[in-house]
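Residue numbers count from 1 along this sequence. None of these values were measured; they are calculated from a predicted model.
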Amino acid sequence: MRNILFRTIGVTLLLLMGQGGGGALQAQRLQLDAPDLVLNGVQFTLAVVALDAEGHVDSSCSGEAVLSGVAIGENSRTTVVLEHGRFVTKEAQIDRSGEQRISVSAAGRTISHSLRVIPGILSILPPLLAIVLALLLRQVIVSLFAGVWLGAIFVFGYDPLGGFLRVLDHYIINALADPDHMSIVAFTMLFGGMVGVISKSGGTLGIAEQLTRLARTPRGGQVATWLLGFVIFFDDYANSLIVGNTMRPITDRLRISREKLAFLVDATAAPVTSVLFISTWIGYEVGLIDAGLKSVGMVSENAYSVFLSMLPYSFYPILTLVFGALIAFTRRDFGPMRTAERRARLEGKLYRDGAQLATDLTDSHAVLPDEGVRPRWWNAVIPIATVVIWALVGLYITGVDAIEAAGGQDFSIGSIIGEANSYKAMLWASLLSCVVAIGLAVGQRILRITEAMDAWFNGLKSMLLAMLILTLSWSIGQITSELHTADYLVQILKGSLPPRWLPAVTFIVAAVISFSTGTSWGTMGILMPIVIPLSVVLGQDAGLAAAPAYTITLGTISSVLAGAVFGDHCSPISDTTILSSMASACDHIDHVRTQLPYALLIGVVAIVLGLIPAAYGISPFICLVVSAAVLAFALRWRGTRVD
């Protein structure tokens, strides 16, 4: 692994000036750097560094030193040569468990360091426990906490009580103490507060009213539903509630089945929210990406830039949006959806006989405006525009400042965004948008200041569960880093899983977890800390060049997101799927049954024509065009228009 996190061992050796180990080793001190915990039989990084009197690396030093207690490479070398003052190897390995000692000898003196060696299988148990418990209990918070606890037990000497206490004071506190992590938490909470205010003030309903003017025919009704779902991109819950409740009277009048309405609502909720660069999902996704990149030493990578770069590889969400538009414009359907549309259009039955219509059990009062409030579209557009504009302005300001501070001359858009501080930009934008949203609502006397703050606080509360999941995900990411989980997985997968197949495998695994647990956010929280380091290390181990290795990493990151959304669409216990049924007043099982063939078709196309070709170097944009064409052909071939 290119940059394994390890702490510097505070043990140094004063050497007498002279010869040592058969070479001219002349240094004031030697320092031995190694991890405190390693896996049995798994390679780790070890370094011997020569230091001068001031504690700097003595690059003029050369000579030999003898290592014991550790094997290096296939030949198990014990004599190492310091070049330019240091010897660093990524091939150090210990083949026995328990407390072990590594020693280095030179110039007649010896120093040693104790470390713990644990069986490699233990490194995958914490994330595996989190996955299994999530599947069994369907409680992501409990599952992630249990995974962190088990990892803490392994790290801190197999002490269950001590490990339990360290979950809070070591892992969770460290996760929240990181300034970047707190920036993400603050942005997400503030953005959720802004969404709460504009929803309560009638802004999102105002947008809905403008789009419903298109709904004069069955095609217009479906197109208006799709467009409305696309326009309300900032939150998937608000999307489902507003689109479903707003369009249901119109689609009923146009004899569009409740199953079709629920599909169009579901097909634009999570897909559009997950891939647009400003939404309640963005902080969560960027936070997971940032933690994964840091775990492999890619601290110079801008997580927000990586998020933007991986968007073209998010094949399933993008193709779902495309397929929803194709369905709406062509009015063609196949499978159970065609049966439902024929029943509604020809018989006037909006839902099947005996259907148990889902009712809205959510707190819609906190999302929808009070009766008598006149919906005004600008109360949503202006705050959202504030977020977008100030995010871009913030990226520009921080990017230019960073380039000037470094003395650079390249002020191209790519360089500015790459050097920008996205956390500052998002914080500025979210704070200003909250002020604008509250100012509009109070200034027009739609809400009193107390009501506006209540709506803002309700928006904050809606993001609390996501922040708990994110914090525990950061914690389990630190656990997998300390236990070297990625190194162990690479060792057991070496030669059996080509790195170019990792995005497709990740998509399938994410889909299974999301389908079984019913949560896309929980799935991302569990998988992202594992697959990002795995993608980087597998690419390096296979000897891939920088560009294709980075492409595989982008594809793997996007596959977690896309697979989570796919499984969420297919799962009958998914929150957004249930919410779509409720807001559309559709029988929930009928919604799942009619949507499943569409989701499976898009998922297969996304894997076969998207993830796999892109991993082999085909442009993701070409893959998207080809995939969209295949979906259009499949709809033309199998679909039937219902008039």
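Looking at Phe156, Phe164, Tyr171 one by one, the single match for ring pair (Phe, Tyr, Trp, His ring centres under 6.0 Å) with Trp149 turns out to be Phe164. Under the side chain to side chain contact (heavy atoms under 4.5 Å, CB included) test applied with Val531, the options Leu538, Thr506, Val536 reduce to a single match, Thr506. Only one option out of Leu611, Val275, Val565 pairs with Tyr316 in a side chain to side chain contact (heavy atoms under 4.5 Å, CB included); it is Val565.
At least one side-chain heavy atom of Leu67 sits under 4.5 Å from a side-chain heavy atom of Val104. Between Leu561 and Met310, the closest side-chain pair of non-hydrogen atoms falls below 4.5 Å. Residues Phe44 and Val42 are not in side-chain contact: their nearest non-hydrogen atoms beyond the backbone lie 4.5 Å or more apart. Counting only heavy atoms from C-beta outward, the side chains of Leu544 and Arg500 approach each other to under 4.5 Å. With contacts defined as side-chain heavy-atom distances shorter than 4.5 Å, the pair Tyr488/Ile121 qualifies. Here the side chains of Ser481 and Lys294 are not in contact, with every heavy-atom distance at 4.5 Å or above. The shortest side-chain heavy-atom distance between Val605 and Leu601 falls under the 4.5 Å cut-off. In this structure, Pro126 and Phe154 have side chains that are in contact, with non-hydrogen atoms separated by less than 4.5 Å.
Judged by distance alone, with hydrogens and angles left aside, the side-chain atoms of Ser627 form no donor-acceptor pair with the main-chain N or O of Ala606 at under 3.5 Å. Although no hydrogens or angles enter the test, the distance criterion places no donor-acceptor pair under 3.5 Å between the side chain of Ser103 and the main chain of Ser112. The closest donor-acceptor contact from the side chain of Thr273 to the backbone of Ala270 lies at 3.5 Å or more, if one exists at all.
Ring geometry for His181 versus Trp474: interplanar angle under 30°, hence parallel rather than tilted (30 to 60°).
Closest non-hydrogen pair, Ser123 versus Leu483, comes out as CB-O, 3.3 Å. Residue Thr523 comes nearest to Ala510 through the heavy atom pair CG2-O, 3.5 Å, listed as atom of the first residue, atom of the second, then distance. Heavy-atom minimum distance, His484 versus Leu39: O-CD1, 3.5 Å. Among all heavy-atom pairs drawn from Ala504 and Ile612, the shortest one is CB-CG1, 4.0 Å. Here the closest heavy-atom approach between residue Arg116 and residue Gly157 is recorded as NH1-N, 3.8 Å. Minimum heavy-atom separation, Ile476 to Val148: N-CG2, 3.7 Å.
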Side chain to side chain contact (heavy atoms under 4.5 Å, CB included) evaluation trace for His170 with Val155 | CA-CA 11 Å; His170 181 72; Val155 171; over 6 Å; no
Side chain to side chain contact (heavy atoms under 4.5 Å, CB included) between Phe187 and Ser183, worked out = CA-CA 6 Å; Phe187 163 77; Ser183 297; over 6 Å; no
Going through the checks in order, is the side chain to side chain contact (heavy atoms under 4.5 Å, CB included) test met by Leu150 and Ile479?
-> CA-CA 9 Å; Leu150 181 62; Ile479 284 288; over 6 Å; no
Test side chain to side chain contact (heavy atoms under 4.5 Å, CB included) on Asp36 and His113 and set out the steps.
-> CA-CA 9 Å; Asp36 288 334; His113 167 63; 3.7 Å; yes
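Once rounded to the nearest 0.5 Å, the distance linking CD1 of Ile172 with CG of Leu472 reads 5.0 Å. Here the CD1-CG distance, from Ile618 to Leu609, works out to 11.5 Å after rounding to the nearest 0.5 Å. Note that CD1 of Ile102 and CG of Leu32 are 6.5 Å apart. Values are rounded to the nearest 0.5 Å. Rounded to the nearest 0.5 angstrom, Leu122 CG and Ile153 CD1 are separated by 11.0 Å. Atom CD1 of Ile72 sits about 5.5 Å away from atom OG1 of Thr89, to the nearest 0.5 Å. The structure places CD1 of Ile530 at 12.0 Å from OG of Ser535, a figure rounded to the nearest 0.5 Å.
The ring-ring contact (aromatic ring centres under 6.0 Å, His included) pairs that include a residue from residues 524-565 number zero, where partners must be two or more places apart or lie in different chains.
Every residue two or more places apart in sequence or in another chain that forms a side chain to side chain donor-acceptor pair (under 3.5 Å) with Asp95 is listed here: Gln93.
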